[in-house]
Structure formats: structure tokens, C-alpha cells
Protein chains: 2
Amino acid sequence: MIKVLVIDDEAPILRALKINLTARKYEVSTAADGASGLAAMARERPDVLILDLGLPDMDGTDVIRGVRGWSSTPIIVLSAWGQESQKVAALDAGADDYVTKPFGMDELLARLRAAVRRASPAPDEPVITTADFTVDLAGKRVTRAGADVRLTPTEWQMLEVLARNADKLVTQRQLLQEVWGPGYQNEAGYLRVYMANLRRKLEPDPSAPRYLLTEPGRGYRFRP
Amino acid sequence: MIKVLVIDDEAPILRALKINLTARKYEVSTAADGASGLAAMARERPDVLILDLGLPDMDGTDVIRGVRGWSSTPIIVLSAWGQESQKVAALDAGADDYVTKPFGMDELLARLRAAVRRASPAPDEPVITTADFTVDLAGKRVTRAGADVRLTPTEWQMLEVLARNADKLVTQRQLLQEVWGPGYQNEAGYLRVYMANLRRKLEPDPSAPRYLLTEPGRGYRFRP
DNA sequence: GCCGGTCTTCACGCGTTCTTCGCGCCGTCG
DNA sequence: CGACGGCGCGAAGAACGCGTGAAGACCGGC
């Protein structure tokens, strides 16, 4: 779940944000002034910071600089209308975005999504490991006993689909659809040929598969 | 110098932006409609895109999607006041920021700086070394046996993409897209020609590559 | 207008991969 | 007990992908 920290001294805004963000499945924590905001920032490690510039104890740009000193968490600034120069100062201090009050909740949510999306360019592609080999989805590579295993394009695609659905049953139709595309839904023969190839290259005993399992009449399952 | 592409159909705005940005030492190119804008995007490869949503030929969000299909260049959207839903749609389509007209030039410049700053995190290792040559991503140069290797622009771009994805498989499509732009996804012949050139210039034995590896039917991998 | 460098396009040869087929095994079901 | 469908396996021709050299098109500088 995505964690958001809101620093604002106006209770109504704080409440409105908390309700709306929580409803959208964000995890929300709050702070009412700059000092406790910075403390919360270090403690909570949120994924995004929403910061009101009109705080009682500190200048908003100092809060931004305080955060930027050690973190690159996206910062969305809220502030009253006008104040062009304040806006520029906040952005130059390291804020990522700036929204003027009064603001539409839809807009804020959209900017929030944009900020989160930018911050996480890495759609983490895990490495799946078994006792006999490893499958690296990001590097599109299979290693066995320390050495790379050479897979043909079709073999890799099949393994990739199975690995992404590890432990789940993958239907024959699904497999054919994802590897060969539509129009091959009845070519179940292909699956046997390539499953045999994969097992030859990956299984310790290809005739008694431990990882690439057949579920007769239904499909295949990859059990790491 | 930072390259900015402005897509806008209103001549006065285009002129104002061009003058102001040029004065701030940005390199500015322009386009007056969506289609030529997308073409310019692929051709110029700017560091930031400033996009007006009110284009004559295409819907603004479609332009955004057209760019996001192959590039993560920051996009700042300009648009008339109001239009809350348009704003949300643009941000969700992949825009990074949104400025409503009329806007202050200072604000736009600040948002531009913020976008550029975000886009270049660059805290990572910009120099990749192998036993036979060195690739300096930041300095855009390749050294072999102490001497600079002369690469053509296309050769460098290819090497850069491979080096940034060192040890990872880079798909043919991905490579074509990042070097030639969208619309070249099927020109796999180019890859062979330029890969041969790179190997001739970098590999100790070009016919038995050690670093620039082919994975038949899948793509290429740079192994430092 | 010429010239050097760069990009695009093409054809050939070779090795790999895909597709297709037949055979035999096994479990299920009538 | 026998028929049948689904599966594993091996083999063979066709199709495809890659590396290579070379020629023409294009472009910018002089």
C-alpha cells in the first residue's frame, strides 16, 4: 500500500485529505507543523509527501530543503492562490509539484498518481529460484549450475508465462494464446514439444519433472 | 544544453516561449500540431516536452500516450483554465505536470527546472569498464587501449542503450525503438549492420564476441 | 559543386529454430 | 478387457534469423 504523509495545520483540509486518500486505499499519516512533519518524514518513510506551505512554525521552503537533504521522496506542495514567487521558490527548493488552493480532489489525486508513477520507474521483476535453476525475469535469463541456459525465443516465452504465474495452473489455451497469439488455441501439440525441450534443459530428470508439472487435460504448472 | 520541444498551435504563445526559453539557454524546437509534434519528438529527442492540449488535429491525451509509448521524457501540459477533468485525464495519460493558461513565465520556468531535475537522477555509475574497453555514459565517449574510439551517432546510441542495461537482455524491438524511434520496430536488419560495426570497433575478435552477445531471435546483451 | 562520412538497403551463405508427423505409453471409462 | 484420448518423444523438412560485404542515397562542411 502506498504511504502518504500530509503536513498541514488546517484541520478541515487535513481531515478532507485523510478521508479521501484513505478511501482510495492510501495509507495516510499526518502532521500539523513543520518540525513534527520532518520528524514524521524520517519515522514513517512515506512514498509521497503532501506539504502545505502555510505552516505556523517554519517557512515551507525550509521544510522542503530539510527533506531534500536526505530523501528524494516526491513532494507535492499545497498553497493559497496567488503567491507566484512562493511557487517558484518551492519548486526550486526541490518540490515536485504545486497545487493551489482551493483545489479539486480529483486533480490532487491525479497529481499524486503522477508523482508515485514517476518515483517508481522500476516495476520490480523478481528472480525466481529453485533448487536446480534460477529464472531472472528482468534480465530474461535462466541460470543453471552457474551457467547460462540457452533458450530459444519460444522456449523463453513459455517459461516466462509459467514463471509469472508460478504455483498457479496455466491453461493450455492461455499458454497458447500468450506465446503463439490468438488463432493457435487448438495446437496443443506445440505445448508438448516445447515443454519437452524446457524439461530437457532445466529438469534434473526430464522424464520425472519436479518443477514443470503437467496437469492432464487442463494445463501446466510451474512449482519453484 | 537542455533541449525543449514545444507543441502548440498558437503562434503568440509559441513565440513567447521560444524567446523566453532561448534567453534562459534552453535549446528550443517547435511544432504546431500533434502529428508533426510526435515526429519532432522522435527526431529531436528533447529533454522535456511542453505540450498544449488544444491542438487542431489530435486530442492532447492521445499525443501524450503516443509519446509515452516509447519514451519517458518529462511532459508539461499547457491548457486553458478550468477543464478539471481534462487535467486529470492528461496526468493519468502520463503527463508529469500541468499548467493552466494564463501562466506566469516564472512559474513555467520553475516547473521546467523541476521536471528536468527529476528526470536526471544520475547518481549511478556512469562508467562501465571491461577488460578491453571503457564506456563513459556521462562523457559520451568510449576508450580502448588508452585511445578514444570514434563512434557514429547511431553506433553510440546503440551502445548506450546496451550499456545502461548491462547484463540484461535488450529486445530487438526495444533497441530499435530507443535508437531509431517508434515506427522502426521491424527493421531488424539495421541492428545487424550496426552491431557488426560496434564489434569491429570494440571486440578483440569481432567474429567471436565476448561483450556484445547475440541471443538469437530475442535480442542482444552487453556483458561487461 | 565537390567530398568525406554516415545511413539505408540488398543478396548470399549458414546455422538454428519452428512446425509437423508418427509411434508408443498410460490412465480413464465404457 | 478393450477402446480411446491425452501425453511424451524423436525425427525431418521448411522457414527463419544472423553475420557479412558492398553499393547506393543522403547530408553537412568546405
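Throughout, a chain's letter reflects where its sequence line sits, starting with A, and its residues are numbered from 1.
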Any salt bridge between A:R164 and A:E178, counting N to O under 4.0 Å?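 Not counted as a salt bridge, because no side-chain N and carboxylate O are separated by less than 4.0 Å.
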
Quick one: do B:D97 and A:R111 make a salt bridge, cutoff under 4.0 Å?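 Counted as a salt bridge, because a side-chain N and a carboxylate O are separated by less than 4.0 Å.
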
Is any side-chain heavy atom of [Y] closer than 4.5 Å to one of [X]?
{"X": "A:R150", "Y": "A:W156", "answer": "no"}
{"X": "B:K201", "Y": "B:V142", "answer": "no"}
{"X": "B:L17", "Y": "B:V28", "answer": "no"}

Count the heavy atoms of every other residue, nucleotide or ligand shown that sit under 6.0 Å from [atom1] of [X], and state whether that count exceeds 12.
{"X": "B:R223", "atom1": "CZ", "value": "no"}
{"X": "B:K101", "atom1": "NZ", "value": "yes"}
{"X": "B:Y184", "atom1": "OH", "value": "no"}

Counting only heavy atoms and a strict 4.0 angstrom limit, can you tell me which residues of residues 214-224 of chain A come near DNA chain D? A:T214, A:P216, A:G217, A:Y220

A:D205 CG to D:dG8 C1', straight-line distance once rounded to whole Å: 13 Å

Can you tell me the distance, in whole Å, between the CD atom of B:E155 and the P atom of C:dT6? 8 Å

For A:R113, salt bridge (charged side-chain N to carboxylate O under 4.0 Å, His left out) partners two or more places apart: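 Counting only residues at least two positions away or on another chain, A:R113 forms a salt bridge (charged side-chain N to carboxylate O under 4.0 Å, His left out) with B:D92.
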
Contacts of type salt bridge (charged side-chain N to carboxylate O under 4.0 Å, His left out), residue B:D8, not counting sequence neighbours: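 Salt bridge (charged side-chain N to carboxylate O under 4.0 Å, His left out) check on B:D8 returns nothing, list empty.
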
Write out a two-atom table: protein N or O, nucleotide N or O from nucleotides 27-30 of chain C, distance below 3.5 Å.
none

Quick one: [atom1] on [X] to [atom2] on [Y], what's the gap to the nearest 0.5 Å?
{"X": "A:L159", "Y": "A:Y211", "atom1": "CG", "atom2": "OH", "value": "13.0 Å"}
{"X": "B:D52", "Y": "B:I50", "atom1": "CG", "atom2": "CD1", "value": "10.5 Å"}
{"X": "B:I76", "Y": "B:L112", "atom1": "CD1", "atom2": "CG", "value": "5.0 Å"}

For a quick test of reading the model: is some side-chain N or O of B:T154 closer than 4.0 Å to OP1 or OP2 of C:dT6? no

Of all of residues 189-203 of chain B, which get a heavy atom below 4.0 angstrom from DNA chain C, listed by number?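 Heavy-atom contacts with DNA chain C come from B:Y190, B:V193, B:Y194.
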
So if I take residues 167-187 of chain A and measure heavy-atom distances to DNA chain C, which residues fall below 4.0 Å?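 Nucleic-acid contacts, sorted: A:W180.
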
